[in-house]
Amino acid sequence: MVKRVFSGIQPTGTMHIGNYFGAIRNWVSLQNEADCIYCIVDYHAITIDVDPKELRTASQSMALDLLACGIDPERSILFVQSDVPTHTELEWIFGCVTSYGDLSRMTQFKDKSDKQEFVSAGLFTYPILQAADILIYRADGVPVGEDQVQHLELSRRIARRFNSRFGEYFPEPEPIVRKGARIMSLADPTSKMSKSAGEVHYVGVMEPETSIRKKVRSAVTDVGLEVGAAMSPGVANLFEILELACESVGDTATVAELKTEFADGKLLYSRLKDTTFERLMDVLRPIQERRAKLAASGNVVELLQAGARKATKIASATMVDVRRLVGLGTSA
RNA sequence: AGGCCCGUAGCUCAAUUGGCAGAGCAUCCGACUCCAAAUCGGAAGGUCGGGGGUUCGAGCCCCUCCGGGCCUGCCA
């Protein structure tokens, strides 16, 4: 049984429904099962080129998104990474127990570095900081998507190597993998929904209704259905979204109904799209309304700073232990 | 510290001896479609990395700065 959960999200752009159904929804429900620490990872964000003017507002905007989705600052700790700078101190120490070979095998580094002409050392050491983020709170559970499993495995390795070299101290964090929820791009259902692919590929959680309708209506389907044939990727993806949305609002009938129609070859895709859109909005509308209220209340910064104070307390205690174990500094 | 190469639309790249800045993909609108995709038709998109100079005229030549890549050296 996991006692302390840690997870982070980058403050880049807007949250999309892939983030929401894939990760954030789990963050919210995990609040009922464990002590949760959620972090907006702005140090990670600067591994690639970002506009300083936008970064700070993006962090606050992401905080609003998270709060609107149901992260509860009374029960959980929500803060901005760089407000607790000891993360980077632990990163250096971890960097010294991380092998170069392990890092160079990270597929996400290879993917990202291929797409850029300037490849920063920070992009390379990214997974070390991630390990520090998790372990500075000695978290034992980390909700992750499939793409992050490899990084978490490295975190476990780092914990193990630190422990064997300096003494048993860090837990090996376990991945918490919740059911499926790998939402694909609407415009290209063979690749995962992401912000970087472009505007038409994702649906933002806070996006205006008219815009969401348009994107759902424009989703790629297929040329027509033979009765009994398997779903094409685009149709399967729409069903996935529909199913997740229905589940969130407690609608148990609709998916089965449409699936029967599909099996009989009677399902019109326009109906599938319209229904998916309606259910999706049932989920997103309350989130959007909550977000508007939170934004108007104007106290996000205080909330985040209060979160940072709570996080600092835990992180600082860890660092006192770590410095002692490693033999750093002058004070015992 | 030295040497070589590069910077043009969101992306990949063209542009003859210095002579009207273009194409493909992506984007937007329309046609087709149950809805879309594909396809077809149309539209939009640019401080040619910045600044200075030569010239009737500079994306192209010269100077300078910025950014990026590769190589050598030095220090740790």
Side-chain angles (χ1 to χ4, degrees), chain A residues 10 12-14 16-18 45-55 58 91-93 95-96 98 100 104 108-126 182-204 207-246 254-282 284 328:
Chain A
Q10 279 203 35
T12 46
T14 44
H16 58 69
I17 59 171
I46 62 169
T47 52
I48 57 171
D49 198 30
V50 288
D51 183 350
K53 289 193 292 287
E54 286 169 18
L55 182 57
E91 183 211 358
W92 173 257
I93 295 163
C96 299
T98 305
Y100 178 85
S104 48
Q108 199 172 79
F109 171 74
K110 290 189 239 172
D111 285 353
K112 282 193 185 173
S113 58
D114 282 348
K115 288 178 192 147
Q116 287 170 252
E117 48 182 22
F118 176 79
V119 179
S120 72
L123 190 64
F124 185 64
T125 57
Y126 189 114
R182 184 174 151 89
I183 294 186
M184 309 304 278
S185 157
L186 293 176
D188 174 14
T190 59
S191 64
K192 192 180 149 185
M193 180 177 285
S194 81
K195 286 167 262 192
S196 50
E199 184 58 31
V200 295
H201 289 269
Y202 68 88
V203 173
E207 216 171 296
E209 195 163 330
T210 49
S211 167
I212 295 178
R213 163 175 270 134
K214 200 169 167 192
K215 284 182 180 177
V216 173
R217 285 289 286 205
S218 303
V220 172
T221 59
D222 56 62
V223 281
L225 35 136
E226 270 176 45
V227 179
M231 286 181 196
S232 58
V235 174
N237 191 39
L238 285 167
F239 263 107
E240 177 76 23
I241 296 169
L242 178 65
E243 202 164 341
L244 288 162
C246 284
T254 304
V255 175
E257 190 181 313
L258 290 193
K259 277 196 171 159
T260 306
E261 283 185 35
F262 178 84
D264 295 345
K266 284 189 291 205
L267 178 61
L268 297 183
Y269 291 148
S270 56
R271 172 159 142 76
L272 173 62
K273 287 178 174 180
D274 289 342
T275 311
T276 301
F277 165 73
E278 295 297 342
R279 285 298 163 279
L280 188 58
M281 284 317 300
D282 290 343
L284 299 186
L328 295 167

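Quantities reported herein were computed from a predicted structural model and do not represent experimental measurements. For the numbers below, each heavy atom of this structure counts, side chains included, while hydrogens, waters and symmetry mates do not. Each chain gets a letter, A, B and so on, in the order the sequences are listed, and its residues count up from 1.
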What is the distance from CZ of A:Phe239 to C1' of B:A36, rounded to the nearest Å?
15 Å

Identify whether any heavy atom of A:Thr221 sits under 4.0 Å from a base atom; if not, whether one sits that close to sugar-phosphate; answer base, sugar-phosphate or nothing.
base

Cationic N near anionic O, under 4.0 Å, A:Glu261 to A:Arg271
yes

Could you tell me which non-hydrogen atom of A:Ser232 sits nearest to which non-hydrogen atom of A:Thr221, and how far apart they are?
OG-O, 3.8 Å

Are A:Lys259 and A:Glu243 within salt-bridge range, i.e. N to O under 4.0 Å?
yes

When rounded to whole Å, the CE to P distance for the pair A:Met231 and B:A37 reads 21 Å

Atom pair distance, as rounded to whole Å: CZ in A:Arg213 and C1' in B:C35
13 Å

Take atom C1' in B:A15 and the same atom in B:U33, then report the distance between them in whole Å.
40 Å

To the nearest angstrom, the CZ-C1' distance between A:Phe262 and B:C35 comes to 14 Å

Within residues 117-126 of chain A: residues closer than 4.0 Å to RNA chain B (heavy atoms)
A:Glu117, A:Phe118

Are A:Arg213 and A:Asp274 within salt-bridge range, i.e. N to O under 4.0 Å?
no

Hey, does A:Lys215 reach any base, or is it just sugar-phosphate, or nothing, if we go heavy atoms under 4.0 Å?
nothing

Hey, is the main chain of A:Ala219 close enough, under 3.5 Å, to the side chain of A:Lys273 for a donor-acceptor pair?
yes

Close side-chain approach of A:Ile48 to A:Phe118, heavy-atom, < 4.5 Å:
no

If we take the C1' atom in both B:U8 and B:A14, what is their distance in whole Å?
9 Å

B:C28, B:A37, B:C35: which one has an atom nearest the side-chain heavy atoms of A:Val200?
B:C28

Pairwise C1' distance for B:G52 and B:A58, with rounding to whole Å:
14 Å

Would the base of B:C35 count as contacting A:Ser270 through its side chain, where contact means a donor and an acceptor less than 3.5 Å apart?
no

Which value, in whole Å, describes the distance between the C1' atoms of nucleotides B:C11 and B:C20?
26 Å

Any luck finding a side-chain donor-acceptor pair between A:Ser185 and A:Asp188 under 3.5 Å?
no

Are any non-hydrogen side-chain atoms of A:Phe239 and A:Leu272 less than 4.5 angstrom apart?
yes

Kindly say whether A:Met184 contributes a backbone atom to a donor-acceptor pair with the side chain of A:Asn237 at under 3.5 angstrom?
yes

P spacing across the pair B:C32 / B:G41, given as an integer number of angstrom:
16 Å

Contact nearer the 5' end of RNA chain B, comparing A:Lys273 with A:His201:
A:His201

Integer angstrom distance from the P of B:G49 to that of B:C6
13 Å

Rounded to the Å, how far apart are A:Asp274 CG and B:C35 P?
11 Å

What's the closest nucleotide to the A:Arg217 side chain, out of B:U27, B:A37, B:C35?
B:C35

When the distance from CD of A:Glu199 to P of B:G45 is rounded to whole Å, what number comes out?
20 Å

A:Phe277 has an atom CZ; how far is it from atom C1' of B:C34, in whole Å?
18 Å

In whole angstrom, give me the gap between the C1' atoms of B:G46 and B:G59.
12 Å

Between B:U27 and B:G19 - C1' atom distance, rounded Å:
33 Å

Symbol by symbol from the 5' end, with Watson-Crick or G-U pairs under 3.5 Å, [ ] crossing and | another strand, RNA chain B is (((((((..((((.....[..)))).(((((.......))))).....(((((..]....))))))))))))....

So, does A:Lys215 use its side chain to make a donor-acceptor pair with the main chain of A:Leu186 at under 3.5 Å?
no

CG of A:Asp188 versus C1' of B:A37: gap in Å, rounded?
11 Å

Within the distance-only criterion (no hydrogens, no angle test), does the side chain of A:Ser120 pair as donor or acceptor with the backbone N or O of A:Thr47 below 3.5 angstrom?
yes

Under 4.0 angstrom between A:Lys214 side-chain N/O and B:C35 OP1 or OP2
no

